[in-house]
Amino acid sequence: RDEPIGAVVIGDTRPGRLWSDAEVERATLISRQMAVAMDNARLFDDLKRSYDELARTQQALVKRERLAALGELAAIVAHEVRNPLGVIFNSVTALNRAVPLEGEAAVLLRMVGEEADRLNRIVGGLLDFARPNEPSLEPEPVDALVAGAVEAASASGGGRSRVEVHLEPAVRRVWVDRRMLHQALVNLVENAVQAAPDANVVVRTSATTRQGKAMLRIDVCDSGPGVPAELADRIFQPFFTTKATGTGLGLAVVMRVVEAHHGEVSVGATPGGGATFTVLLPADSQSQERGATP
């Protein structure tokens, strides 16, 4: 197509070589055939990349639609369960006040209250997952965000684990939705505390870059059993859990919140054993408003 795409160098070790017109014509024909082959290969690569990009886009669209359907279903179920659950709570409270139960009856009533409380936490997880994930971005102090999430998670975990916090002052503020990010960080720290109930959990912040953009990195490290490599891609899926009493929504909520902020969340191994969950968030509002996924 009259566009140079390369060069063919033909040499001869014998000195004083003169090329005949026939040889030049033959070399030219061969070069043109090579050019056509290279062009076809290049077109095939472009076509393959287009198909791959189309496949990724389709997978992302299917995933988004599936999550939207799950979120709508979760909201319906949660709201329908909340009403009878409130009746159960009120009934248990009334029985405790009206009838002084002892022995097996008291144990059974306490079990009803505990299971109702567990069901209420499950409903809360469903509502967190179903809640709209369009963040309202405001500049928030990183130290206060992390400290608040650690305090809330430590209180709900019973205080058996000691959570260490290491904050790097390089990033003092980040543009986030405070409520949404608080919930995501609480879920991550609670997950780490449950994985290592009698060991230390470390929460660390640092500044980094991704494709030239300033990023806030948050690492939540535990010394628990870790995450098997074959499950690393599944643990963020809704309703997937390895816990006997888990709902499989905690990490799914984390994924939705982080993606809503145009960030990334991943899991890896902690040196010495355990798991490290890493959250990357844009450190400025402009990169989030542009929708630039790192």
Side-chain angles (χ1 to χ4, degrees), residues 114 117-118 121-122 124-125 128-129 141-171 174 176 180-210 215-259 261 263-281 283 294:
E114 291 175 351
D117 185 62
R118 187 171 73 89
R121 291 196 299 271
I122 294 175
D128 287 337
F129 178 73
V142 175
D143 294 6
L145 278 172
V146 174
V150 168
E151 182 179 357
S154 300
S156 63
R160 291 180 297 170
S161 296
R162 186 165 65 92
V163 181
E164 299 180 6
V165 180
H166 302 281
L167 301 173
E168 181 180 304
V171 181
V174 64
V176 295
M180 293 175 65
L181 188 61
H182 174 83
Q183 183 61 55
L185 293 179
V186 168
N187 288 0
L188 284 178
V189 178
E190 283 184 346
N191 189 70
V193 169
Q194 294 168 6
D198 300 313
N200 289 345
V201 174
V202 177
V203 180
R204 182 181 296 107
T205 66
S206 59
T208 185
T209 58
R210 177 65 61 88
M215 307 289 288
L216 169 66
R217 173 171 177 159
I218 305 174
D219 292 311
V220 180
C221 313
D222 65 66
S223 55
V227 178
E230 62 272 15
L231 299 182
D233 293 332
R234 300 183 60 192
I235 59 174
F236 294 104
Q237 295 178 3
F239 307 109
F240 177 83
T241 181
T242 57
K243 303 174 185 176
T245 59
T247 62
L249 289 172
L251 292 178
V253 170
V254 173
M255 174 70 81
R256 293 194 73 179
V257 169
V258 173
E259 288 184 344
H261 286 79
E264 289 181 353
V265 59
S266 60
V267 61
T270 300
T276 296
F277 286 84
T278 299
V279 174
L280 292 177
L281 295 171

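This is a predicted model, so every value here is computed, not measured. Just so it is clear, the values below take in all heavy atoms, side chains as well, and ignore hydrogens, waters and symmetry mates.
Not a single side chain to side chain donor-acceptor pair (under 3.5 Å) links T205 to another residue, sequence neighbours left out. In this structure, E168 has no salt bridge (charged side-chain N to carboxylate O under 4.0 Å, His left out) partners at least two apart in sequence or on a different chain. Under the side chain to side chain donor-acceptor pair (under 3.5 Å) criterion, R204 pairs with no residue at all, not counting sequence neighbours.
The distance from atom CG of L181 to atom CD1 of I218, rounded to the nearest 0.5 Å, is 5.5 Å. To the nearest 0.5 Å, the span separating CZ on R217 from CG on L281 amounts to 12.0 Å.
Counting heavy atoms from C-beta outward, V257 and Q183 have side chains that stay 4.5 Å or more apart. Between M215 and E264, every side-chain heavy-atom pair lies at or beyond the 4.5 Å cut-off. For the pair L188/L251, a side-chain contact is recorded, criterion being any heavy-atom separation below 4.5 Å from C-beta on.
Here the shortest heavy-atom pairing between V258 and L280 reads CG1-O, 4.3 Å. Across all their heavy atoms, V186 and A152 have their closest contact at CG2-CB, 4.0 Å. Between A283 and V174, the closest heavy-atom pair is CA-CG2, 4.2 Å. Residue L185 comes nearest to L145 through the heavy atom pair CD1-O, 4.3 Å, listed as atom of the first residue, atom of the second, then distance. Scanning all heavy atoms of the two residues, the minimum distance from V202 to H166 falls at CG1-CD2, 3.5 Å.
Without hydrogens or angle criteria, D222 side chain to A275 main chain gives a donor-acceptor distance under 3.5 Å.
Here the options are V254, V189, I235, the test is side-chain contact (heavy atoms from CB on, under 4.5 Å), and the partner is F277; only I235 passes.
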